[in-house]
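Bear in mind the structure is a predicted one, so any value in this text is a computation, not a measurement.
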Amino acid sequence: MLAQISQQFSGFWKQQSAASRVVFVVLVALGVVLVPLFLIWAQNPSYDVAFSGLSESDAGQIVDQLNEEGIEYKLQGSGTILVPSDKVYDVRISMAQQGLPESSTVGFEVFSGSTLGMTEFTQRINYQQALEGELERTIGSLASIEAVRVHIVIPEDTLLASQQAPTTASVTVKEKAGTNLDSGQVSAITHLLASSVEGLDSENVVVVDISGNMYTSGESGGSTLAQTDSRRAAEAAAANEVKNKVQVLLDSALGPNKSIVQANVTLDWTERQTVTQAVNPEKTAILSSQSIMEVYTTTSSTVEGVPGATSNLPPAASGTESGSGGIQYERNETTNNYEITHVQSEEVYTPGGIERISLSVLVDGVTDETQLATLETVIAAAAGIDETRGDLFAVESLEFDRTYYETQSEELESTEKQDLYFKIGEGVLAGLIVIALLWYVQRMLSKLRLASTEAWTPVMKPVSELGLPMPGMRPQVAGTAMGEAGQLEAAISGKGVQASEAEVRQKAQAVMKPLPKIELPSVSPEYEQLQKTLEGIAEDDPASLAEAIQLWLNEDERHNG
């Protein structure tokens, strides 16, 4: 079997051209080189980060320990150690048992050891240190934070709750390059500390960065960064609304890209409460009224006597009536209290009202003063400009320089065309490569099939022994042709080696002699077409035709037998 395969490969190799042999050798060489490399790459383990942000002393101790344990590792910089992915947690546990890294943040593992002989003060300090360390680990896990320090102040308990000082905390953060903390992250940090430390309110947390920028001041007002961000966002939204209104108006009137609008809105964030009292003296109302009536009547006699207590005591008291006629007295008194009408109104101004609007508009090529004045009027009305409020408003006409815009448009169009051409070229090149590859493979398979066919041991009978006349020939002519074909077969098989198609044709030309001109009987066009087809097959692939004839003969022999 090996000899036959070697013989077939030898025949196949001889049939290849020099270029085909070079391509085949290159492909085999690439396979020999790339397959081992791929196997080596597949067997190499992947590495993950085991420790990061280490000091040089801790990194050196961990590397020494890994060398002693025979664990593979990689270094990134001076503070990051990578180990195989399946050994990350084993390495961390092993290093933690040996107290490495030493200078890292300490958490609640400080209490994992023996606390025998530890005083209450030491336990309180260790608890505060462990709490700070755990918070540093948690805050440091945020994607935008590179380093963090947390300090917590827990005052001692006092006898009176009114005299108890509040718990406070401060956080110093260092952002990673290219990142910044936003108001949401700052709020999350403050609430995280407030939820983790007993007695700590989020208002008592101060967050600063290493540059001294204060994100939250720890006052009752909350996060200054959040307030600033929200106010800036509100002012930007108001300015954008004014800008959009004016821009839509100008685009409808002048067309697109014919105007530029910039707006700035300042909002009033002051909280005010106004109480107003108005008095109207013309309108009064009776608040209260009091009436007094006195009537007094006497007779004509007059009572006389010694004044004092004696004359009033019976029975000694006595009086003398004198005079003539009587006395009659009457008095009416009315008192009215009036209230003056007054109106008291209270107004509360919510922060966020518009304090001032600044609007600037540039239009392209509007030279008519009337048209420009009309634009100013409609723009001021659309933007809500109030000059009494101090708003700033300007509309100017200017010829726009569109050179840069046109250049960029041309470059963009050229780039798009190039990309399109490249895509088309890539597609055509890929198609050509596929076609060339298919053609090459088909050619190799065809040559391999031909080499394999020529390597087979001939099992066909000589044509001269068949005694079959060829189509369109007379019996004697067919016999002569069959005899010469037998001589050709004998000459080829007599060499004892396999002959190629070229050699077969050469032998055929040497053996075949010009036949005398013979008048052939007339045949039908269908027969002539069949004869031409068979002649073409015989010239292109005589081995396949001979094999087909032999199969037909074998089939006839089986049926006849």
4.5 Å side-chain heavy-atom contact, N67 and Y73 = yes
request  = Would you mind listing every salt bridge (Lys or Arg N to Asp or Glu O under 4.0 Å) that reaches into residues 116-130, with sequence neighbours excluded?
outcome  = none
Selection residues 81-99 - residue pairs positive for salt bridge (Lys or Arg N to Asp or Glu O under 4.0 Å), sequence neighbours left out = none
query = Quick one: side chain to side chain donor-acceptor pair (under 3.5 Å) partners of D419, sequence neighbours excluded?
reply = none
Throw together a table of side-chain donor-acceptor distances under 3.5 angstrom for residues 240-254, partners on residues two or more places apart or in other chains.
from: N244; atom 1: ND2; to: N240; atom 2: O; distance (Å): 3.1
from: Q247; atom 1: NE2; to: D251; atom 2: OD1; distance (Å): 3.1
from: Q247; atom 1: NE2; to: S259; atom 2: OG; distance (Å): 3.1
from: S252; atom 1: OG; to: V248; atom 2: O; distance (Å): 2.9

query = Which residues pass the salt bridge (Lys or Arg N to Asp or Glu O under 4.0 Å) test with K423, sequence neighbours left out?
reply = none
task = Check whether the side chains of S211 and D209 place a donor and an acceptor atom closer than 3.5 Å, and report yes or no.
result = no
ask   = Cut-off 3.5 Å, side chains only: do Q185 and Y215 have a donor facing an acceptor?
value = no
task = Give a yes or no answer on whether the side chain of D364 reaches the backbone of F400 with a donor-acceptor pair at less than 3.5 Å.
result = yes
query = Does R232 come within less than 4.0 Å of E235, counting only side-chain N to carboxylate O?
reply = no
Contacts under 3.5 angstrom, residues 152-166 side chains, donor-acceptor by atom type, not counting sequence neighbours:
from: T158; atom 1: OG1; to: L160; atom 2: O; distance (Å): 2.9
from: T158; atom 1: OG1; to: Q164; atom 2: OE1; distance (Å): 3.2
from: Q164; atom 1: OE1; to: T158; atom 2: N; distance (Å): 2.9
from: Q164; atom 1: NE2; to: E156; atom 2: O; distance (Å): 3.2

task = Measure the spacing between CD1 of I189 and CG of L142 and express it to the nearest 0.5 Å.
result = 5.5 Å
task = Working to the nearest 0.5 Å, report the span between CG of L375 and OG of S397.
result = 9.0 Å
